Each structure stands twice: as structure tokens, then as C-alpha cells.
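This report refers to the structure that appears directly beneath it.
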Amino acid sequence: MQGEPLLKIENLVKHFNVRLGAFGERGATVHALDDVNFEIIEGETLSLVGESGCGKSTTGFTILNLHQATSGKVIYKGENIATFDDKAMRPLRRDLQIVFQDPYSTLNPRMTIGEAVGEPILFHKLCTKAELPDRINRLLTDVGLPPRFAGRYPHELSGGQRQRVAIARALACEPKFIVCDEAISALDVSIQAQIINLLLDLQEKYGLTYLFIAHDLAVVRHISDRVGVMYLGRLAELATREQLFANPLHPYTQALLSAVPEADPVLEKTRQRQVLQGDVPSPLNPPTGCRFHTRCPIAQEVCAQTIPEWRQIEPGHMVACHMVPGGLHA
Amino acid sequence: MATIPMTPAELDEPKTSLWRDAWYRLVRNKLAIFGLFVIIVLAFAAAFGPYLTPYDFLSQDLDARNAAPSWAHLFGTDDLGRDVFSRVIYGTRTAFVVAIVVTAIAVTIGVALGAMAGFFGGWLDRIIMWLTDVTMSVPNLLLVVVINASLKAPLAAWMEAQYMATLNPFFRETIWVDFILVFGSMALISWPPYARLVRAQVLSIRSRPYITAARALGLTTRIILMRYVVPNAVGPLIVSVSAGLGTAMVLESAFSFLGVGVNPPTPSWGNMISDGLRVWQHYPHLLAAPAAVLGLATVGFSFLGDGLNDALNPRGSK
Amino acid sequence: MNAMTMSAPERLLDVKGLSIEIDTRRGPATIVDGINLHVNKGETLGIVGESGCGKSLTMLSLMRLLPNKIKVKSGTANFAGRDLLTMSKSELRKVRGGQVGFVFQDPMTSLNPVMRIGDQICEPLIYHKAMKRADARIRATELLRLVGIPSPAERLDAFPHELSGGMRQRVMIAIGLACDPELLIADEPTTALDVTIQAQIVDLVKELRVKLGMSVVWITHDLALIAGLVDRVAVLYAGTVVEDAPVEELFANPSHPYTRGLLASIPKLSDVAANRLSSIGGTPPEPGRRPLGCPFAPRCQLAEDICRQSVPPLEPLGGSGPHRVACFVAQRQLEAA
Ligand SMILES: Nc1ncnc2c1ncn2[C@@H]1O[C@H](COP(=O)(O)OP(=O)(O)OP(=O)(O)O)[C@@H](O)[C@H]1O
Ligand SMILES: Nc1ncnc2c1ncn2[C@@H]1O[C@H](COP(=O)(O)OP(=O)(O)O)[C@@H](O)[C@H]1O
Ligand code: SF4
Ligand code: SF4
Ligand SMILES: [Mg+2]
Ligand SMILES: [Mg+2]
């Protein structure tokens, strides 16, 4: 992969301590993210996919230091920002932005659209008070909203329009990097396409880098340069889009691809699907060895004992599985 | 074919704000409007009543004792020949003053403690919540009776001593002892629900996605508290304060009734109910008048509180 | 309506002219506007539409389960010879959960959290089939096995929160199937689930409907999901049916501009990965703010003057046949061709 890495994620771990039982008498640890390694290259769209609860959002939040990492590094401009406190992070927040899944709850219901978009501009002193209305107008136009929306409240907008506001707000800081955490998952199909196109246009216009978190592989295939597949807090596979969709190596990636329905009745009726049985195990008590071994159709004995190594199969194609050529059992 | 008769121009009508929407929902709620009306009338009576009442609440007409309602005495007179209507109106003033002062103290304590508990968490939260639980688990009346019994005499004695020493007329008014004790003890038992509510609000707002979004923009804790947490927490607080005012009035009456509240001759609905109860078989109007007004006030506040609750909740369904 | 009745299959459910209204601050607004729908015996009908277009309310109205301020204004819903909308309460109760089974959108909130799942499955059996408790439990075990829950006998005593989302949805399906319904209505049964679990549930329903010979109505916003599952698709837009066709026909020859736009905006795994997706501009109208003529006109690239003045009727494409579409331009283009 050409290009400079913008962010380097090294051995990132995030555990949540939770209290269980009716009176919170038992402590337990959620293994939300374990030993994750990857780079995000300037100007690319890197997607993360996986079932719900597999740690996609946790990855995004921990990279942005919205969750304090348990251990590991997030290297940005040569510094490990995972150890920064709120104050040290503040100037960096301009560069590193996020758009959330649920456009209904990420806007303050008591602030107008204009206030919401203007707030980060004023806070980071990106322009004078006099220039502010102009600036807000331009941002709203950028995301395809009429400037007269500035006076409206979030509850007066549709889901797609709110997501545009959230994007405008992220853009207001003139960021370099945006985490899109399921930014289109809550939207209707016809609106999803609008927002995807908007994100692509903005990327082109401002040279943005995206970490695009999603669970819909078909969408991911359309917009990403590279794709990472996560399972239960670990990366299972990471490759360029072409590599991953043409030659998925990890059994979990194959199963995910096979579960995606195709909008084609003729194909669907004849297609042989490999349906994954069972549910994702609990991250409170993840399986030993390869975390996928309880559901993996080709699991061997070694899988339950040894954690598969995160290794490169071909240039740019990483995988963690014993059964892929070169692994412990292949 | 069924269509909606609406032209595109109408479709783009200017929209309203959250508060105006809430107001709209409120005025459509007949019960809430009834409550609001009752409260406004009573508040008017409390504010201007003393200038409007036909008689002074103390003036006795010993020729017309225990008179039944008539044009001269709308609600009749009591055993000392005092006009009940005038006394009820003065009682309204007592009830409002007590309710407002008590609620204000309780809300201040509750909001401060609740917000700290919710925002900072940890041991502070545990201590405050422990305090809340303890206060709530002691029976209210018991607490008030104990406070009154143990503090009233010493406080009165202290006031007496101060008066002797300074000759400041302020210290001669034993009514202040009454009020301080009533306000103090009632506020003491009233703050925990507010603390709990505010803590729950702050806890839930703290974990709302828009707070995370604000943090992601790099905003400071102070801005987040002022612009995100507080405005979103006031709605439920308004609702609960409205209901709390009604509750405070009932409490005041209950305490006066039990003799630990405002002392005669200051007219208070509780006192009047207490007096009326002794003779209600013979002079039902002496019980009926204050009881009915107290009932009306409570119902008014509770309807308004319910209405506000529905109105401030945009998904408003019950 | 036309001469196509010769081999017309028997209709199990026949909804005609169904309109649903809601009380808003601007007065009543029509949410569902004169819908015509039918389900044949043994057929699986897919109802597709975006959020808020009235899918759930249509189905709820059939069981007379509409929320407070929302009312059926007109229409009939003939089920096995009787009108669901006017039949007596006691008859209706026999239909609900008996002849018609329901599976709701959210498996988290549609199960009673304080009741063991076994009891929840037994309830309709005891009520509708007058079964003894012990027999009902045996049947409940069978049902759990049928929907693919491992060690069903032990699971009977589990509470909903002890099950995963996918398993809860299986339990919902088991409850829906308890009384051997003739019709199973599933309202977005997989929307809250992961793709892998969704695939499990889709396979399960496919298998069950053949095994039990029932009709199914599957409501969804995901056209791709139902491509391999249903026999016929009705596309809803802003409370109207805009297109209704056999599934192969719909995908091969989508005729309504909205259906076309929808199909084009779905990214596919199998076609060339172009970066930009084609999309439909604008947003669907809110109820009560719909335009005068064709509800799709403000977003439609083909819209003409007539579209803004009158509502296009849902009519068979080319005058006859099972492919019906509500669009002036699509109908005219076919005539011209
Ligand atoms: N209880 C309610 N009170 C007010 N409006 C409602 C209520 N339920 C539904 N509506 C409105 O009725 C319209 C149709 O709702 P419905 O639930 O049928 O949509 P749907 O097609 O099932 O959408 P989804 O895909 O989101 O489930 C929407 O505009 C919705 O906002
Ligand atoms: N604040 C939190 N406290 C405890 N557990 C959490 C918290 N946030 C996430 N988790 C857990 O971490 C795991 C990964 O969550 P998440 O990253 O949100 O998954 P995804 O985004 O892939 O759906 C899940 O099991 C989730 O329940
Ligand atoms: S390591 Fe084993 S269990 Fe894990 S994916 Fe590979 S084959 Fe399956
Ligand atoms: S009737 Fe007109 S506006 Fe409606 S879909 Fe057809 S062409 Fe478009
Ligand atoms: Mg997530
Ligand atoms: Mg629905």
C-alpha cells in the first residue's frame, strides 16, 4: 500500500471493568479489544466490519482517546496519543473527528443546527464571530443542506438530514481524519446512498482519511480501499478491497460474505449459502485459542489452544488463522 | 381518492421550537390547563388576597360564631366568629409561602447534591446516595416531630434571650421560630427525591451520544455541563417541582394539623382543618372550606405536573 | 377487476382500500392511503418500504392493534371469508395468535421480560387450543426444537434476557407458529440482528413455510433480503402501494421510478465495485405533509404536470397481468412500446 501512515495502532487493548449480579457484587472484564495492530494510511478509506459487539466502535473510540486504552499505542504525528489526557488531546481533536451511528441522539436537542455547527468553530477559534454565519452557511451547503436550516432544531429534521448536520459538525474543525461509526447504518436505503456519495465527495474535496465502521459488507465493498474484519475483539483479516472480496482467507470472512443477501432472486434461489451456526460468544469470557473456534466450520484441535498469529500472506493481506497456508496446521 | 389537501407552500411552513411545541401540547391538555388555572387563581389570592378580603383574619365577631355560609360570610364563621373565607385566603398565603420556600430549599440542596453525585461518581456518589437513602427511610413525621420537640423550646428561649439582650423587636416575633422550624424540617425531608432525580438525569445525560460527540469536538467539561447537561436536565426537574409544590402544601397542612406546623393564630389550612375536624358534625363548613381548597390546590399542581410531563416529552404518550 | 380470474389462486387475505389516519396538531393526517394488498394461500408476500412508510401500521390495523390516536378510516380486510376490521371482538381474538401469527420487529421488547419463555409459548396453546398445561409444554418443546433452539426442554424455563437476540427472535417465531396459523406476519424480524443471524432466521422461515404450508407476509426495508425468500413483492411508498409484482418480475423489470431508484441504490457484492452509488435525491414526505398528486413526485425525475395534480392508480402494467404499478409515465411508456 502506497502512502504515508497517518495513524499507527500497535497492540491496542481495551478492557472494560463491569459489575455483574443484582447488586453489582461480582466484578468482570469485557474483552472488547485485544492486541489489535494496523495502520491507517493518509487519504484512504479503511473499513472495519464484523458482528455487533465485536469491538468496532471500541476501536474507533479508543483511537480517538474517547475511551482510555488499557494498553497499547496509537501513534499520531510521532506521539503516542493513547496516553494523552483531555487537555493534551484538545488541540488534536480538530484533526481527529467522528460521526456516530444514531443521528437521533448525537445532536443536543436544545441547540439549533447553526449553534451545533458553529460551536466547534468558535471553540477552536477558527474564525471571528463576524465570519461565523458565512462559515456555517458554507458548511451546510457542503453537506447538501439549505442554509436556512441553521435556525432549526434537530427534532425538525429527518434522520438523513441530521446525519448531514453531524458530518458538517465534524467538518467544521477542518479535520484530517474522520471515524464514521456506522454513520449510515440507521438510515434508509435510498438515504444511505446519498450519505455515502456525500462522504466520497468530501473526501475528494478535502483529502480526508476515513475509518469507516460498518456491518454491511456490500456497502463496504463500494467505498473502501482496505477492509479489516473483526471478530470478538480481534482482527481476523485485513486486506485491500480487491484481495478481501476476491480471495477471502479467514473462515469467518468467508461466512460473513456468504451471509450477505443479494438483490437478485434468481441468484438467491440457486445460491449455496454457508450459514454460520450459533451466536457470538460473550466477550466477558472469550474462547481460548482462536476466538472463532466455537463456530468455525474447519476448526482443529490446535485452534482451541493456540492464538493464531497475525501474519502477512501476500503484500497487504494479513490474516490470523492456523488453517491458512503457512499457519500452524496447514 | 383520499388525499391531503395541502399545497407545497403550506408544507414548508416555519416550524416551531421544542418549548413552543411543549406549550402547544400543554394547552391541548384540558386537565393541565385546569390545573394551571386553579394555581393562578390561588396564587392571585395569596398575593393580593389580604387586600381584598372583607375581614381581617383575626377580627372576631362574637355575635356571629359558627355561622353558616351567607352573603356576609361566604364560608361562614368559626367558633370565635372569624370570617372563614378570609382565613382561607390568608391560609393560601401561608401555604404558598411555605410551599415555595420549602421547595426552593429542597431543590437547591437536591440539585447540588444530585448533580455532584451523578457527575463525579465514585465515593462522593456513594456518600450522597447513602445520605439520601437514610433520610428517605426515616418516617417523615417522626423526623419532624423529633426536630420540633427538641428544638422548638431551646430556639424560643434563645430568641427570648436575644430580645432581652438587644431589645430588637425581630426577636419578639415567635412566629419566626415557627417558620424556621417548619421550613427547615420540611426541606430536610423533601430534598432526597430531587437529588435522586437530578442524579439519574445527569447519569443518563452523561452517557448520551451527544455528550460523547461534544467531547470528540474537544469541548471543555464546563461547556459540556452548561450547554449540554443542564439544559437537558431541567425538563424533568420542572415537572417534579410542580408536583413537589403540591406535596409541600399537603405536608404543611399535615404538620399544622398535627400541631407541629405553623402555630395559631396564623391561619393555615392545616390548622383550620384540625379545628374543623373537632366540630364537623355540627359545623361541616368549618372543615369543608379549607379541605376543599387544599384538595383543589393539590389536584391543580398534580394535573399541571402531569401535563408538563407529557408536554415536555416529545414522544408524549401515557 | 379484469379477465385474469381464470386461474386466480385462492386469496387468504384481501385488503381493499385501507386508509389509516392519525390525529396531529394540524388535524387528521392520512398515514396509509387506500392500500390494496392480497396474500394467496401458501404464498409468501414481501412488503418493502422505507422507515415510516406505514408497513407496521398496516399490519397492526389488520389485527386492530393500532395505537391510541391512530384509526382506520376506511377499507376492508377479508381474511378467510370474514372482514377482520368489522368482526366481533371474540371472533377477532380467535384470529389473533390463532389463525394469524405475529412476529414483531424488536425481539427485545416484544417478549415479556418477567415470564419464562415456555409459559409465553404455552399461553396461546392453552387459550386457543384449550390444551392442558402439560400437553402445551410438550408442544412448546417441539416448537422450540422446530425453530432450532438447542436443548429445548431446558430452555423452556429460561427468561428472555438469558437468550441472545437471535434466539429471542426464534422464540418469537415459535410463539407465532404455536397454533398452526394459516398466515404468519413477520414485521422486520431480522432488522435488529446481525447478518449471520439474519441468514439463520431467513433459512428457518423458508424451511418452515414449506413444511407447514402456511402463507407468510414478510415486512422489511431490505430488498436484497427478500429476493430469495418471497414469491411476490409489494413496494410501499408514503402509505401507498406503488408497485406489486412477482419477485423475479420485479427485479428483472422494475417499473416504478421509486422501485428503480431503490434497486439502483443497493450496493451489490456481485457487480463491479464502482465507488459512487446511484441515489434518490430528497426524502420521503412526512405523514400529513404529502403532496397533492403522486406521493413520489417531489423526488421523481420523470414527474410531469399530471403527476402533481392527481394520484396515479395502482393498475396492471399493460392492462392485465400480475405486475401492477402506480405511475402515469410507466403505464404510458408500456402502451407506447
Ligand atoms: N404511535 C404512533 N404515534 C404517532 N405516529 C405514529 C405512531 N406509530 C407510527 N406512527 C407514524 O406512522 C407512520 C407509519 O409508521 P409505521 O410504524 O407503520 O412505519 P414502518 O413502515 O413500519 O417503518 P419502520 O421501517 O421504521 O418500522 C410513520 O410516519 C410514523 O411516524
Ligand atoms: N462502556 C462500556 N462498558 C462496558 N462494556 C462495553 C462498553 N462499551 C462497549 N462495551 C462492550 O465491548 C464490546 C465491543 O463493543 P463495541 O465496540 O461497541 O462493538 P461494535 O461496535 O463492534 O458493535 C461489546 O461486548 C460491548 O458490550
Ligand atoms: S484458527 Fe482455527 S478456529 Fe480459528 S479461524 Fe482458523 S481454522 Fe477456524
Ligand atoms: S406518477 Fe409521475 S411522479 Fe409519480 S412516479 Fe410516476 S412519473 Fe414519477
Ligand atoms: Mg458499534
Ligand atoms: Mg415498522
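Bear in mind that the values here come from a model prediction, so they are computed numbers and not experimental data. Order of the sequence lines sets the chain letters (A, B, ...), proteins ahead of strands, with each chain counted from 1.
Listed here is the closest heavy atom pair of C:Leu225 and A:Pro261: CA-CB, 3.8 Å. Contact record, C:Val195 with A:Leu256: CG2-CD2, 3.9 Å, taken as the closest heavy-atom pair. Of all non-hydrogen atoms in C:Ala227 and A:Asp264, the two that sit nearest each other are CB-N, 3.7 Å. In terms of heavy-atom proximity, C:Pro267 sits nearest to A:Val219 at CG-CG2, 3.6 Å. Among all heavy-atom pairs drawn from C:Phe251 and A:Ala263, the shortest one is CD2-O, 3.5 Å. Scanning both residues, C:His221 and A:Val189, for their nearest heavy atoms gives O-CG2, 3.5 Å.
Remark: A:Glu242 CD is packed, more than 12 non-hydrogen atoms of other residues, nucleotides or ligands lying under 6.0 Å away.
Looking at C:Val202, only its side chain comes within 4.5 Å of chain A, counting heavy atoms on both sides. For a residue to count as touching a neighbouring chain, one of its non-hydrogen atoms must lie under 4.5 Å from one of that chain's; by this rule A:Leu257 touches chain C with backbone and side chain alike.
When each of C:Asp203, C:Ile280, C:Thr196, C:Leu263 is checked for heavy-atom pairs under 4.5 Å with chain A, C:Thr196 comes out on top. Per-residue counts of heavy-atom pairs under 4.5 Å with chain C were compared for A:Pro265, A:Ser282, A:Ala259, A:Gly160; the largest is that of A:Pro265. Ranked by heavy-atom pairs under 4.5 Å with chain A, the first of C:Met167, C:Gln200, C:Glu248 is C:Gln200. Annotation: maximal heavy-atom pairing with chain A below 4.5 Å, among C:Ser265, C:Ala199, C:Ala224, occurs at C:Ala224. Ranked by heavy-atom pairs shorter than 4.5 Å toward chain A, the options C:Ala264, C:Gly282, C:Ser278 are led by C:Gly282. In terms of heavy-atom pairs under 4.5 angstrom with chain C, the leader among A:Gln192, A:Gln277, A:Gln194 is A:Gln194. Ranked by heavy-atom pairs under 4.5 Å with chain C, the list A:Leu217, A:Asp201, A:Val266, A:Leu267 is led by A:Asp201.
Distance CG/C:Asp194 to CG/A:Leu276: 10.5 Å, rounded to 0.5 Å.
For the residue pair C:Thr283/A:Gln161, the side-chain donor-acceptor check at 3.5 Å is not satisfied.
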